[in-house]
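These notes are about the structure you will find just below.
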Amino acid sequence: MIEEMDLSVLVTPTLQWYDQHKRQLPWRKDKNPYHIWVSEIMLQQTRVEAVIPYYERFMQALPTIEALAECEEDPLLKLWEGLGYYNRARNLQKAARKIMEEYDGVFPGDYETIRSLPGIGEYTAGAVASIAFGQAVPAVDGNVLRVLSRVLESHEDILKQSVKKHFEELLRETMPKERTSAFTQGMIEIGAIVCVPNGKPKCEECPLESLCLAERHGLLDSIPYKAPKKPRKIEEKTVLLICSSKKAAIRKRPDQGLLASLYEFPNTDHYLTADEVREYLEKEQGVTVESVEPLGNAKHIFSHVEWHMNGYLVQTDQIPGQYLAVERQELQNRYAIPNAFQAYYQKLMEVLA
Ligand code: ADE
């Protein structure tokens, strides 16, 4: 890597470009730290276009830190349904409660205090401090890692903590004292829409093109470098849509671990045939099975695990006692069912209609 490049050369082109090209996004309408914070948490792992409707709905339901602090868990998870990484929602609430209790409901304005709130790491603290409070602190996310590793021609693994730290240090020295908000968002925005995460970067639109060493040396395919990850664990499951007179069976997941406290369709941790499903429900759950219809396979990828599922629609004389029996409306409005079940959820909606 070209260690000695002075990153202050990035400031003016980034600011000028941001002023002209920034997207109008709902969380850019003001500098309310609550707005910036919630948007940044939602934007971790999720694209801007997907986040916008979630963000709008969240702010309508919970317009203040106080409202978030007081929300019950189920409606909070319902607002987050489909975004994934549900601990992010729980941590948002923990932090909101801490702000109510320790800071009189006022979002703290300095980096260190922001960083000490639950669920807020270096990136988010830097983003909120620089965007909402004008502090000259860096915010290095995946977008910024990509831009900087290319500009500096760094072949280091961008997933390494030491690389992120190094970029943070470089930026800390060169962050402008004025316009911190535009600079942070400009760097992120270049990474999001010019130096794009998937596909060919749009170098002809990039304000940093003339400074970019990876582009000068034809290295855009190999930078940013990420070391290969170890393969995900595969878990096989059978998912059962157990229906009886327009009601379906769901249950709450345990309050620890993957998808904690969300609701799910009954499932087993191995594949079952249609006959085995019938036998399991009749012998072990004491209901009469009227029909078993195979629904085919589905796959869901989490960060460390993949679920490979087969599914069945089962009509029974009653919903087995251990489950909640819910109608279509309640499934839609009340219980958060994670995206992992999406393929079967659609089918159930048709059956319950
Ligand atoms: N991705 C992460 N933070 C962002 C922001 N503030 N604007 C646009 N994309 C982002």
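FYI, the numbering just counts along the sequence from 1. First listed ligand is number 1; within each ligand, the first listed atom is number 1.
For the pair Arg251 (side chain) and Tyr263 (backbone), a donor-acceptor distance under 3.5 Å is absent. Counting only distance, with no hydrogens or angles, the side chain of Thr180 and the backbone of Ser130 share a donor-acceptor pair below 3.5 Å. For Arg115 (side chain) and Ala125 (main-chain N/O), no donor-acceptor pair under 3.5 Å exists by modelled atom type.
Of all atoms in ligand 1, numbered sequentially from 1 with element shown, those under 4.0 Å from a heavy atom of Asp141 are 2 (C). If you number the atoms of ligand 1 from 1 as listed, the ones under 4.0 Å from a heavy atom of Arg28 come out as 5 (C), 7 (N), 8 (C). If you number the atoms of ligand 1 from 1 as listed, the ones under 4.0 Å from a heavy atom of Tyr123 come out as 2 (C), 3 (N). With ligand atoms numbered from 1 in the order given, ligand 1 contributes 8 (C), 9 (N) to contacts under 4.0 Å with heavy atoms of Arg23. The ligand atoms of ligand 1 that sit less than 4.0 angstrom from a heavy atom of Ile188 are 1 (N), 2 (C), 3 (N), 4 (C), 9 (N), 10 (C).
Of the candidates Thr46, Val51, Val48, the one placing a heavy atom closest to atom 9 (N) of ligand 1 is Val48. When the heavy-atom distances from atom 5 (C) of ligand 1 to Gln185, Glu40, Glu189 are ranked, the shortest goes to Glu40.
Of all the heavy atoms of Gln44, none lies under 4.0 Å from any atom of ligand 1, so neither backbone nor side chain is involved.
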Give every donor-acceptor pair under 3.5 Å between a side-chain atom in residues 202-220 and any protein atom, sequence neighbours left out.
residue: Arg216; atom: NH2; partner: Ser210; partner atom: O; Å: 3.0
residue: His217; atom: ND1; partner: Glu153; partner atom: OE1; Å: 2.5
residue: His217; atom: ND1; partner: Leu213; partner atom: O; Å: 3.4

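Across all non-hydrogen atoms, the minimal contact from Lys98 to Pro118 is CD-CD, 4.1 Å.
The six-membered or imidazole ring of His300 lies near that of Phe302, with a centre-to-centre distance under 6.0 Å.
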